[in-house]
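Right, one structure below, let's go through it.
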Amino acid sequence: MKLYNTLTRSVEELKPLNPPEVTVYTCGPTVYDYAHIGHWFTYVRWDLLVRTLKAAGYEPAWIMNITDVGHLVSDADEGEDKLEKGARREGKTAWEVAEFYTKDFLDEMKALNILEPTHITKATDHIAEQIALIQTLEEKGITYVIGDGVYYDTSKFPQYADFARLDLEEQEAGKRVDFNPQKRNVSDFALWKFSPKGQQRDMEWDSPWGVGFPGWHIECSAMSMKYLGETLDIHTGGIDHIPVHHTNEIAQSEAATGKTFSKVWLHSNHVLIEGEKISKSLGNGIRLPDIIARGYAPEVLRLHILESHYRSQSKFSWDSLEAAKNRLDRWKQAAATRWQEPNLPRTNDDISAPDFEEALTKTLADDLDTVHALQLVDKVADKALAGAVCGACLDSIVEIVEDSLGIDLTVANITEAQEQLIAEREQARADKDWKKSDELRDELLEQDIALRDTPHGPIWSRI
RNA sequence: GGCGCCUUGGCGGAGCAGUUACGCAGCGGUCUGCAAAACCGCGUAGACGGGUGCAACUCCCGUAGGUGCCUCCA
């Protein structure tokens, strides 16, 4: 299996530490607001990574975190954290805000048929681990304490700029934000923040340095190492995480252990809406419920997401969502022919389920080439619609598509009563009673069964 | 200001130095009670200007436009 590794900026053969296990850590959402489709582009892609690992014979151990504390509104470590801010906005406690949006996230994740990770870990459940990791860093002399918290001294980690290929000198010269003047270096970041004096936060904990809360980056280091060990096989996240969050994770983890933190880093590119990135200020954050409200099933969005490569900057539009819907409908029509074997001449020359599975797996294992994987399904659908795939083969193929791509093509058989209607219509047609045959067709249509007449007899599909 | 990336037909979106990407939409034909499908075929895409090749959408340089990061962000 080959993947594009951000660490080396090249496509590499995956070499897990302890095969067949593959450890995967995915940076999850900060639960202070609803997820928009940009999030779902990313998480569907990592779901596909895990499915592909399984198909390739690996046994993925997949951790996704939930950031429910400590994500400050600014990377300059200024301001309050997002949960507390969300709480003030909604008149709730930070705990209530986190719970609400976590549940919403998990519900939508399920709706999109994203596999359940091995563990979903909340930052607030792992405060002790985070404190312990900060202590380790402190013992190694790479932290320092200033007025508002404990900081990581990035000058003590010479490789700091390597991962993101940052030019720290340039950044310093061109910096656009003020930063805490007590910090030793612009790139230094908070490991632990003190609760503001005289202010009661919803979320705060005792620590060796004082009451406060963890910085944003430390949770991922602490939790990934707790569940998956000191060196991960694969770490995933949004492309935006490269310069700060992942850079800081590497600095924390590798300074603490002296080992490589993750062998492979995967980054999902952003999706644009009308040529612009999704952001709060533009108000273009389309959500899954918006898509459902327009009559598109979640799986349509899922298919649309798979229509572009995870490393390319994708575009979202309602037109392309409509195209994805049509494509999916066509696949389902093809899948429905599995029940109709007697009507069709089965040649079954060139499509066998094992061959299809092998081709699909091979394509996906090539750096998650979903674009061409979908093309393989198109080809099978063509043949099925032409009646050239046997019912049992389609059963297997539908299952393979479900497992590999997470797209469910299962189509229920029609009832005996419906079958009877089709038979009656055939009789009417034989009698050239076109009025009756059209009425029967309309009756079936009301039951969401569409008919098309082929040289081999009528073929139905669900609409 | 610094560092990147992108620019493909009506839309989405790939590969490739010389053979059809694919999907959606469209057009013509065969077939057809009608409808739909199926089958056959079509539209002669590659931002612009140079360059290197026998040959460039596909490599190099430049121009234009767009966009991402260096704040938050998937």
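Convention: sequence-line order gives letters A, B, ...; per-chain numbering from 1.
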Euclidean distance, atom CG of residue A/D378 to atom C1' of B/G12 [Å, nearest integer]: 13 Å
Minimum-distance nucleotide (side-chain atoms of A/H304 versus B/C34, B/G23, B/G12): B/G12
Interatomic distance where NE2 belongs to A/H309 and C1' belongs to B/C6 [whole Å]: 15 Å
Within the 6.0 Å centroid threshold, strictly below: A/H246 and A/H267: yes
Base B/A74 to side chain A/H270, donor-acceptor N/O within 3.5 Å cut-off: yes
5′-ward residue of the pair A/S314/A/Q375 relative to RNA chain B: A/S314
Length of the line joining A/R452:CZ and B/G33:C1', which is rounded to integer Å: 19 Å
Nucleotide nearest A/R425 when distance is taken to its side chain, options B/G12, B/G13, B/C34: B/C34
A/R330 vs B/A38: side-chain N/O to OP1/OP2 distance below 4.0 Å: yes
Check: A/F105 ring centroid to A/Y43 ring centroid under 6.0 Å: yes
Pairing partner of B/A64 (Watson-Crick or G-U wobble, both distances under 3.5 Å): B/U7
Among B/C34, B/A74, B/C24, the one nearest A/H241 by side-chain distance: B/A74
C1' spacing across the pair B/A25 / B/G62, given as an integer number of angstrom: 37 Å
Base-pairing assignment for B/A17 (Watson-Crick or G-U wobble, both under 3.5 Å): none
Nearest-Å distance once atom P is located in both B/G15 and B/C6: 11 Å
Integer angstrom distance from the P of B/U19 to that of B/G43: 15 Å
Side-chain-base donor-acceptor pair under 3.5 Å for A/R45 and B/A74: no
Heavy-atom donor-acceptor pair, A/R51 side chain to A/E402 backbone, under 3.5 Å: yes
Pairwise P distance, B/A17 and B/C60 [rounded to whole Å]: 12 Å
Pair A/W216 and A/H241, ring centroids less than 6.0 Å apart: yes
Pairwise 5' ranking along RNA chain B for A/T30 and A/E307, keeping only the more 5' one: A/E307
B/G53 glycosidic torsion: syn (within 90° of 0) vs anti: syn
Contact under 4.0 Å: A/K315 side-chain N or O vs B/G13 OP1/OP2: yes
Watson-Crick or G-U wobble mate for B/C27, both contacts under 3.5 Å: B/G41
Who pairs with B/C69 - Watson-Crick or G-U, where each distance is under 3.5 Å: B/G2
Quiz item: cation-pi between A/R184 and A/Y151, 6.0 Å / 45°: no
Between B/U32 (C1') and A/R441 (CZ): distance, integer Å: 11 Å
Rounded C1' spacing from B/G13 to B/G1 in Å: 35 Å
Integer-rounded Å distance: B/A38 P and A/K379 NZ: 17 Å
Distance between C1' atoms of B/G51 and B/G10 (Å, rounded): 34 Å
Identified pairing partner of B/G12, criterion: Watson-Crick or G-U wobble below 3.5 Å: B/C22
Spacing of A/D382 atom CG relative to B/C24 atom P, expressed in whole Å: 8 Å
Touch class at under 4.0 angstrom, heavy-atom based, for A/I37 against every strand present: nothing
Residue-phosphate contact under 4.0 Å: A/N269 side-chain N/O, B/C5 OP1/OP2: no
Who pairs with B/C59 - Watson-Crick or G-U, where each distance is under 3.5 Å: B/G51
A/N326, nearest nucleotide to its side chain (from B/A74, B/C24, B/A14): B/C24
Protein-nucleotide distance (A/L272, atom CG; B/G12, atom C1'), rounded to Å: 13 Å
Pairwise C1' distance, B/A37 and B/U32 [rounded to whole Å]: 10 Å
Exam field: side chain A/S253 to backbone A/I250, donor-acceptor pair closer than 3.5 Å: no
Pi-cation contact, A/Y34 with A/R287 (under 6.0 Å, within 45°): yes
B/G13 base / A/S312 side chain donor-acceptor hit below 3.5 Å: no
Distance, P atom - from B/C61 to B/G9, rounded to whole angstrom: 24 Å
Between B/A38 (C1') and A/Q333 (CD): distance, integer Å: 12 Å
Which nucleotide in B/C11, B/C34, B/G23 has an atom nearest any side-chain atom of A/D453: B/C34
Charged tip of A/K85 within 45° of A/Y32 ring normal and under 6.0 Å: no
